[in-house]
Novice: 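Structure below; questions to follow.
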2 protein chains.
Amino acid sequence: MKLSKVTLVDVANHVGVSSMTVSKVLRGRGSISEKTQKKIRDAVQELGYVPNKLAGSLSSRTSNLVGVVLPSLSDVIFGEMVSGMNSVLRPRGLTTFVGESLYDPNVEVEAISTILSLQPAAFIIYGGLERLEQSRSLLRNWGCPVIEIWDIKGQGVDCSVGPSHCEAGQKIAEHFLARGFQRPAYVGAELNKDILAGRRLSGFVEVMHGAGIEVKQVHDDALPRQAASGRELTKRLIEDAPDCDAIFYLNDAMAMGGLSWLHAQGFEVPDRIAAAGFNGTSLAQSVRTHLTTIDVDRFGVGQTASNCVLSLMDDKPVEPVITVPTNLVLGNTT
Amino acid sequence: MKLSKVTLVDVANHVGVSSMTVSKVLRGRGSISEKTQKKIRDAVQELGYVPNKLAGSLSSRTSNLVGVVLPSLSDVIFGEMVSGMNSVLRPRGLTTFVGESLYDPNVEVEAISTILSLQPAAFIIYGGLERLEQSRSLLRNWGCPVIEIWDIKGQGVDCSVGPSHCEAGQKIAEHFLARGFQRPAYVGAELNKDILAGRRLSGFVEVMHGAGIEVKQVHDDALPRQAASGRELTKRLIEDAPDCDAIFYLNDAMAMGGLSWLHAQGFEVPDRIAAAGFNGTSLAQSVRTHLTTIDVDRFGVGQTASNCVLSLMDDKPVEPVITVPTNLVLGNTT
DNA sequence: TTGAAAGCGCTAACAG
DNA sequence: CTGTTAGCGCTTTCAA
């Protein structure tokens, strides 16, 4: 697409000053007389001048772009994080540039390269993906602040912001134990893609093992992490382990899917079988069902990560790991 | 944030060729010997060179950015649209740049300006917001293809892609009538911000009036368009019009909130009172409740809009209005 | 308070 | 097959 626009010089000619004067007025630098300023602003308005930031950033070697790479915007939890980022970045004149990795490390490299070529001032990236060495080195060589979110085990980054996924799994396990459940199970999907779900599972299993209890696991990497999969996998679970009495699901969506199957089969929840999820999305609150889940402030994660960006850009130090709380939300499914 | 990087000239010097040769190899232009190509690729790898697209686009006067402005990424329907866009744009080497307007026309102007300053090749913008004249003229003067989504009444744009919101309201009204409901109501929020919800309401009311039936309306612009508001406003509605027998909600979230209140109060759904929503988000499917709603393929809207972008960039003509279907999904709430 | 010169990193257009 | 020249639109630096 060819472009052809009104430039700074056009504005300058229109007013009868040099382009430098216009540039200064528009950026609020130097001291320009009120009269000239007004003439320039009027001309900008009249000509419909829009500054060309490609040229501006190239020349000044500065940037107000913050690159962001997340798995998918179709999952609301990531959209909420971006909204959180925008809420702190925009007032400071910074803009997020979001790329989707689709949980694919190769796509992630592409997304990182694309964003880097736009010269971002900082980078916020999802941590729950096994990153390729190529991605790592791109980021490392680039040299801008890199904040990892949603995971807190990140290496080679300036700062990690997120919940302890292990702790989330532990909390559910402890809750199950306190409720007296004896035959717990785990239902998940695509664990090969999302290492954080795996960490929640580990925390869950660890606590159960500590109590001398085995965890029945059902997962199918070929299924998406959605309600329909929760339904299907719950069916498989019950066929395989009919005496199971409590299920920890990968996320809220799968839990709700599982619950709908259990209900259709006439299982009493939570008396015959209990269920818990992860994420505290609005999905967890439905008409009669209030899913027991672990809630994490996703908007807040975006805000915190962005505040780290601001600090690092000002050369202020930040905590290398910022753990945000995991909140056990008690519903009526356990 | 100051930047300082490996440039094309650095790569050229390292190999012992001119920067033009490197430029050509990297863009696959011209004919360069295999041997030189290999040396250059190796050097790029070794030095960790990342092209500077600010400089590239400035020089070539081309862009592969598609600007996108939507109300909020915290609402999954908009994230789904962006995912749809990326799915068709990325394979064609185009990248979306997303800004949030927060349903505020003034914020929208900001977002548009910010994106325009990055010289996008095309623009996709949410149509359900009363746009300021300033936004209009920015877009008009810019001259790139502008596609409006989610609304189909757009003016001054090249193409509009979305459902007929009026039809959505009509379909629910017709469905209510077919079911024999006589005292319908509408529950909404923030209608001052979202003119499309208003259009659904109009379609609904129009059909009801055609049947000689009045619609009881409850809306509060101060409340957010969420489940909790659905609960609160349903309470107000029932206090005010206890004999109401069917409610059309602004969206699925509010409908589910309303249903949870109705259930808590012991109302039989749908025998005593029915409910329908709009959007067909996963929210509509819960454990026992399957909300009657209007489903629209949001991912598909993003894809279609992006295909229009591609056509317009190739100077191919596009339909000025592309209406995507509204699908009545029958649940167990009507 | 204003402006001239130089250059950011890249590519179009042409030469060789 | 490879290189030279001349900018893209802006900002930095320094001079007036």
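Given the structure is predicted, the values throughout are model-derived calculations rather than measurements. Both backbone and side-chain heavy atoms feed into the values below; hydrogens, waters and symmetry mates do not. All chains are named by letter (A, B, ...) in the order of the sequence lines, taking the proteins before the strands, and each is independently numbered beginning at 1.
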Novice: S31(B) near the nucleic acid: base, sugar-phosphate alone, or nothing, with a heavy-atom cut-off under 4.0 Å?
Specialist: base
Novice: Kindly write out the residues that satisfy ring pair (Phe, Tyr, Trp, His ring centres under 6.0 Å) with F123(A), not counting sequence neighbours, or none if the list is empty.
Specialist: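 For F123(A) there are no ring pair (Phe, Tyr, Trp, His ring centres under 6.0 Å) partners, ignoring immediate neighbours.
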Novice: For DNA chain D, what residues of residues 40-52 of chain B have any heavy atom nearer than 4.0 Å?
Specialist: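 Of all residues in residues 40-52 of chain B, none places a heavy atom under 4.0 Å from DNA chain D.
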Novice: With sequence neighbours left out, which residue pairs that include part of residues 40-95 of chain A fulfil the ring-ring contact (aromatic ring centres under 6.0 Å, His included) condition?
Specialist: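 Applying ring-ring contact (aromatic ring centres under 6.0 Å, His included) to every pair that reaches into residues 40-95 of chain A, excluding sequence neighbours, yields F78(A)-Y126(A).
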Novice: Residues two or more places apart in sequence or in another chain: which of them pass side chain to side chain donor-acceptor pair (under 3.5 Å) with K153(A)?
Specialist: none
Novice: Any base atoms under 4.0 Å from S57(A), or only sugar-phosphate, or nothing? Heavy atoms, all strands.
Specialist: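 It contacts nothing in the nucleic acid.
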Novice: What side-chain donor-acceptor pairs closer than 3.5 Å can you find for residues 306-323 of chain B, not counting sequence neighbours?
Specialist:
unit_1  : atom_1 : unit_2  : atom_2 : d
S306(B) : OG     : G302(B) : O      : 2.8
N307(B) : ND2    : Q303(B) : O      : 3.3
S311(B) : OG     : N307(B) : O      : 3.2

Novice: If a pair satisfies ring-ring contact (aromatic ring centres under 6.0 Å, His included) and one of its residues is in residues 21-43 of chain A, list it, with sequence neighbours excluded.
Specialist: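 For residues 21-43 of chain A, and leaving out neighbouring residues, there are no ring-ring contact (aromatic ring centres under 6.0 Å, His included) pairs at all.
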Novice: Less than 4.0 angstrom between a side-chain N/O of R61(A) and OP1 or OP2 of dG7(C), yes or no?
Specialist: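 Result: no.
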Novice: Roughly what angle, to 10°, lies between the helix axis at the start of the helix from dT1(C)-dA16(D) to dG16(C)-dC1(D) and the one at its end, five pairs per end?
Specialist: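 Answer for the end axes of this duplex: 30°.
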Novice: If I compare all heavy atoms of S74(B) with all of V76(A), which pair ends up nearest, and what's the gap?
Specialist: O-CG2, 3.3 Å
Novice: Keeping to residues at least two apart or across chains, list the salt bridge (charged side-chain N to carboxylate O under 4.0 Å, His left out) pairs with something in residues 35-54 of chain A.
Specialist: K38(A)-D42(A)
Novice: When you measure from every atom of DNA chain C, which of residues 13-29 of chain A have a heavy atom less than 4.0 Å away?
Specialist: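 Under 4.0 Å from DNA chain C: V17(A), S18(A), M20(A), T21(A), K24(A).
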Novice: Mind jotting down which residue pairs meet the salt bridge (charged side-chain N to carboxylate O under 4.0 Å, His left out) criterion with at least one end in residues 102-129 of chain B? Sequence neighbours excluded, please.
Specialist: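 Qualifying pairs, neighbours excluded: E108(B)-R131(B).
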Novice: Sequence neighbours excluded, which residues qualify as side chain to side chain donor-acceptor pair (under 3.5 Å) partners of Y103(B)?
Specialist: R225(B)
Novice: For F97(B), enumerate each residue passing the ring pair (Phe, Tyr, Trp, His ring centres under 6.0 Å) test, keeping only those at least two apart in sequence or located in another chain.
Specialist: F97(A)
